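Okay, so here's the structure we're looking at.
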Number of protein chains: 2
Amino acid sequence: MTNTSKIKVYQEVLDKIRQFIEANSLSEGDRLPSERELAEQLNASRSSVREALRAIELLGLIETKHGEGTFLKTYRPYHTVELLATFVLRQPTTKHELLEVRHLLEEQCLSKLISSEQQSFKELIDSTKQYNGQDLHTFVFSELFELVDNELFYKIWHLINNFSQTTYSNKLDYDRYINLVLSVESQDLSSALQDLNSIYEK
Amino acid sequence: MTNTSKIKVYQEVLDKIRQFIEANSLSEGDRLPSERELAEQLNASRSSVREALRAIELLGLIETKHGEGTFLKTYRPYHTVELLATFVLRQPTTKHELLEVRHLLEEQCLSKLISSEQQSFKELIDSTKQYNGQDLHTFVFSELFELVDNELFYKIWHLINNFSQTTYSNKLDYDRYINLVLSVESQDLSSALQDLNSIYEK
DNA sequence: TAAATTCAAGTGGTCTGACCACTACTTTAA
DNA sequence: TTAAAGTAGTGGTCAGACCACTTGAATTTA
C-alpha cells in the first residue's frame with residue numbers, strides 16, 4: 001500500500017552530492033569527485049552514481065567532460081525547459097499559478113526599483129527598442145531584476161520565468177514595455193504596476 | 001575541436017522515448033515499455049536506458065513502480081521548481097538576500113489577501129494566541145499563505161523560509177503578529193505592511 | 001464450486017566488472 | 001630543448017548477474 005517511503009539509491013546519492021557541494025562550498029566550474037570515487041565514498045555502485053549524475057546533468061546543474069571529470073555549471077535551465085515543453089501537456093491551473101507568481105515577483109521588482117535611488121534607464125530603453133529576439137518580456141525583466149541587486153531574487157524569478165514560457169510577444173508590446181520602464185524611471189509605482197497589468201491582460 | 005556534437009546514448013534514448021510517447025499519444029498513467037524492452041528496441045544497454053529514465057523521473061515526468069513498470073505522470077512544475085530551488089538556494093546566498101526575498105514574498109502575500117474577498121481571521125487570531133511552538137513567524141505565515149490559494153507561491157515561500165532559519169520569537173511578538181492579522185482582516189494594506197516591517201526591523 | 005495458496009514470469013533496483021575513448025601529464029627519445 | 005610516446009585517471013557504455021516486488025495463472029484446499 002503505502003510504499004512511497006522506499007528511497008532509491010540514486011536519490012540518496014543525489015542528496016549526498018548536494019551536501020558535498022554545500023560542505024565544500026563548491027561553485028561554478030569546480031570539479032566534483034570522480035564517479036568511481038563517489039561510488040566508493042557513498043557506498044554505492046558506479047551505476048547508481050551515474051544515474052544521479054545524469055539526472056542533474058539533464059537539469060543543467062553539472063557538466064561532464066569526457067576524460068576530465070564532472071564540473072559544476074552555472075545554472076541555465078534553457079535546455080531543460082525545451083525538454084519539458086516537448087514532454088508536457090501543461091495544465092491550465094498550473095500555468096495560471098506560474099504566471100501569477102511571476103507577475104507577483106515582477107511587481108515586487110518594480111516596487112524595489114522605484115523605492116531605491118533614482119537611476120537612469122536610458123540605455124535600457126534604447127536596447128529595448130533595438131531588441132530583436134524572441135522574448136521581449138524576458139529581456140526587459142532580466143535587466144530590471146539585475147538592477148535590484150539581490151541575486152537570489154533574480155534567480156527565483158528566472159526559474160519561474162523559464163517555466164512559464166508561454167506566448168511570445170508580438171511587436172505591439174514594445175510600447176508597453178517602454179512605457180513600463182519609463183514609469184519606473186519617473187518613480188511612479190502605481191503607473192508602473194498598471195503598465196505591467198496591461199501586459200498580463202493582453 | 002567541434003566536439004560539442006557528441007551526443008550521449010542516454011540523450012538519444014531520451015529523444016526516442018519522447019518520440020514514442022508522441023507517436024502512441026500516451027498520456028498520464030499510461031505505461032512505457034519495460035527497461036529491457038526499450039534497451040533492445042533502441043539498441044542500447046539497459047544502463048543507458050536507466051540513466052535516461054532516472055533523469056526524467058527526477059524531472060517528475062514519469063513514475064516507476066517496482067515490479068510493475070514505468071508510467072507517465074502528470075507534470076507538475078512545482079516539483080521541478082522545488083528541485084531546482086534546492087540547488088539554487090544552496091549556492092552562496094547571503095542571509096540578507098534570503099530575508100529580503102522572504103520579506104518581499106510576504107508583502108505580496110498580504111497584498112493578495114487584502115485585495116481578495118474579505119474573510120474572517122478569527123480562528124487564526126485565536127490559534128495564534130494559543131500558539132506555543134518555536135516559530136511564530138512560520139506558523140502565522142503558513143496560515144496566511146495557504147489562504148492565497150496558489151500552491152506554487154506557498155512552496156516558494158516555504159523553501160525560502162526554511163533556508164532563512166531565523167529564530168526565536170519572544171512574547172512581545174505575539175502582539176505584532178496579531179496586529180498584522182488584524183490589519184489584513186480590516187483590509188488595510190499599508191498598515192499591514194507597516195506591521196510586517198516592524199517585525200523585520202525588530 | 002469457491003476460496004485460498006502457491007508458483008512462475010515479468011518488472012524495476014542494484015551491483016560488478018569489463019572495455020573503450022578521451023584528457024592531461026610524465027617519461028622518453030630525437 | 002623539443003617533440004613524441006607512454007601512462008594514469010576520467011567519463012561512456014555495455015553485458016550479465018542477483019534481488020525485491022507485483023501480478024496473474026495454476027494449483028491446492030475448503
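Here is the naming used below: chain letters follow the sequence lines, and residue numbers restart at 1 for every chain. Quantities reported herein were computed from a predicted structural model and do not represent experimental measurements.
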From [options], nucleotide with atom closest to [X] side chain:
X     : options                : answer
A:S45 : D:dT13, D:dC18, C:dC15 : C:dC15
A:S47 : D:dT13, D:dT10, C:dC15 : C:dC15
A:V9  : D:dA20, C:dT14, C:dC19 : C:dT14
A:A44 : C:dG13, C:dC15, C:dA18 : C:dC15

In whole angstrom, what separates [X]'s [atom1] from [N]'s [atom2]?
X     : N      : atom1 : atom2 : result
B:N43 : D:dC14 : CG    : P     : 8 Å
A:F71 : C:dC22 : CZ    : C1'   : 13 Å
A:K8  : C:dT11 : NZ    : C1'   : 12 Å

Once you apply a heavy-atom cut-off of 4.0 Å, does [X] come out as touching a base, just sugar-phosphate, or nothing?
X     : result
B:E63 : nothing
A:S34 : sugar-phosphate
B:Q11 : nothing

Is it the case that the side chain of A:E185 and the backbone of A:F121 share a donor-acceptor pair, with hydrogens and angles ignored and the cut-off at 3.5 Å?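 Checked: pair present.
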Would the distance check show the side chain of A:Q11 and the main-chain N or O of A:K8 forming a donor-acceptor pair, the cut-off being under 3.5 Å?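 Here the side-chain-to-backbone pair exists.
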Does the cation-pi check pass for A:K129 over A:Y174, that is, NZ or CZ under 6.0 Å from the six-membered ring centre and within 45° of its axis?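 No, A:K129 and A:Y174 do not form such a contact.
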Using a cut-off of less than 4.0 Å, is there contact between a side-chain N or O of A:R31 and OP1 or OP2 of D:dT10?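 For D:dT10, OP1 or OP2 has a side-chain N or O of A:R31 closer than 4.0 Å.
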Phosphate-side-chain proximity, A:T64 and D:dT10, N/O vs OP1/OP2 below 4.0 Å: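 Checking A:T64 against D:dT10: no side-chain N or O falls below 4.0 Å of OP1 or OP2.
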Mapping A:G69 and B:S48 to their closest nucleotides on DNA chain D, which lands nearer the 5' end?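 It is A:G69 whose nearest nucleotide is closer to the 5' end.
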